[in-house]
Participant: 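Quick one: the structure is below, questions incoming.
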Amino acid sequence: MTPFQAQVYELLSEIPEGTVTTYGDIAKAMHTNAVRAIGTAVGKNPNAPEVPCHRVVPRSGKIGNYSGEGGVIRKIALLQGEGVLVVNGKIVDFEQIRFLFKSS
DNA sequence: AGCGTGACGAACT
DNA sequence: TAGTTCGCCACGC
């Protein structure tokens with residue numbers, strides 16, 4: 001576990017149920033452009049159930065990827081279980097349910 | 001200590 | 001509108 005990852009997971013845990021956020025938003029909240037680094041960190045996903053990592057999606061409004069069991073399919077299932085609708089691999093009303101971190 | 005990789009993103013063709 | 005290219009930076013080898 002690195003400080004960088006700890007920071008990422010901390011932000012992830014702030015995401016309310018039924019909402020989603022993007023890798024870019026996380027990067028922004030951390031004041032960095034390293035979106036790739038965020039993805040790398042989240043992809044490691046050491047504490048899977050602890051952190052709602054499935055609430056993180058690419059800016060495209062699609063699902064992106066998932067390393068957990070079941071892959072993308074599982075990710076979609078988790079989101080829908082929280083009330084997030086997904087059609088054709090895309091999040092419905094993505095911009096509306098998108099959670100934004102407070103920029104400090 | 002350098003190199004390649006990756007749960008992305010934005011610009012270009 | 002879809003596919004490709006390049007940039008970003010943390011991490012493992």
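Numbered from 1 within each chain, the chains take letters A, B, ... in sequence-line order.
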Participant: Please check if atom CD in A:Glu95 has more than 12 non-hydrogen atoms from other residues, nucleotides or ligands closer than 6.0 Å.
Facilitator: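 Check passes, neighbour count above 12.
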Participant: What is the distance, to the nearest angstrom, from the CG atom on A:Asn88 to the P atom on C:dA2?
Facilitator: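 Atom-to-atom, A:Asn88 to C:dA2, this comes out as 12 Å.
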Participant: Evaluate the side-chain proximity of A:Leu85 to A:Asp93: yes if any heavy-atom separation is below 4.5 Å, no if none is.
Facilitator: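 Not touching, per the 4.5 Å side-chain cut-off.
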Participant: Between A:Arg98 (side chain) and A:Thr21 (backbone), is there a donor-acceptor pair under 3.5 Å?
Facilitator: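 Pair absent, no side-chain N/O of A:Arg98 close to backbone of A:Thr21.
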Participant: Could you state the NZ-P distance from A:Lys28 to B:dG9, rounded to the nearest angstrom?
Facilitator: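 Value for this atom pair: 14 Å.
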Participant: Taking atom C1' of C:dG3 as reference, at what distance in whole Å does atom NZ of A:Lys62 sit?
Facilitator: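 A:Lys62 atom NZ is separated from C:dG3 atom C1' by 11 Å.
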Participant: Separation of A:Leu12 atom CG from B:dC8 atom P, in whole Å?
Facilitator: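 Atom-to-atom, A:Leu12 to B:dC8, this comes out as 14 Å.
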Participant: Thinking salt bridges, do A:Asp25 and A:Arg59 make one under a 4.0 Å N-O criterion?
Facilitator: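 Judged by the 4.0 Å cut-off on N to carboxylate O distance, A:Asp25 and A:Arg59 do not form a salt bridge.
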Participant: Specify the separation, in whole Å, of atom CE of A:Met1 and atom P of C:dG12.
Facilitator: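 Result: 12 Å.
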Participant: For A:Gln7 and C:dC9, what is the distance between atoms CD and C1' respectively, to the nearest whole Å?
Facilitator: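 Interatomic distance, CD of A:Gln7 to C1' of C:dC9: 15 Å.
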Participant: What protein N or O atoms touch nucleotides 3-7 of chain B N or O atoms at under 3.5 angstrom, if any, and at what distances?
Facilitator:
unit_1	atom_1	unit_2	atom_2	d
B:dG6	N9	A:Arg36	NH2	3.0
B:dG6	N7	A:Arg36	NH2	3.0
B:dG6	N2	A:Thr40	OG1	2.9
B:dG6	N3	A:Thr40	OG1	3.0
B:dA7	N7	A:Val42	O	3.3
B:dA7	N7	A:Gly43	N	3.1
B:dA7	N7	A:Gly43	O	3.3
B:dA7	N7	A:Ser67	OG	3.3
B:dA7	N6	A:Val42	O	3.2
B:dA7	N6	A:Asn45	ND2	3.1
B:dA7	N3	A:Tyr23	OH	3.0
B:dA7	N3	A:Asn65	O	2.9

Participant: Would you find a donor on one side and an acceptor on the other, under 3.5 Å apart, between the side chain of A:Lys75 and the backbone of A:Ile63?
Facilitator: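 Yes.
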Participant: Using a 3.5 Å distance criterion without hydrogens, assess whether the side chain of A:Tyr66 forms a donor-acceptor pair with backbone atoms of A:Gly43.
Facilitator: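 Side chain of A:Tyr66 to backbone of A:Gly43, a donor-acceptor pair under 3.5 Å: no, none is there.
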Participant: Measure CZ/A:Arg59 against C1'/B:dC8 and give the value in whole Å, please.
Facilitator: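 That distance rounds to 12 Å.
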Participant: Starting at atom CE of A:Met30, determine the distance to atom C1' of B:dG9, rounded to an integer number of angstrom.
Facilitator: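 Taking atom C1' of B:dG9 as the reference, CE of A:Met30 is at 17 Å.
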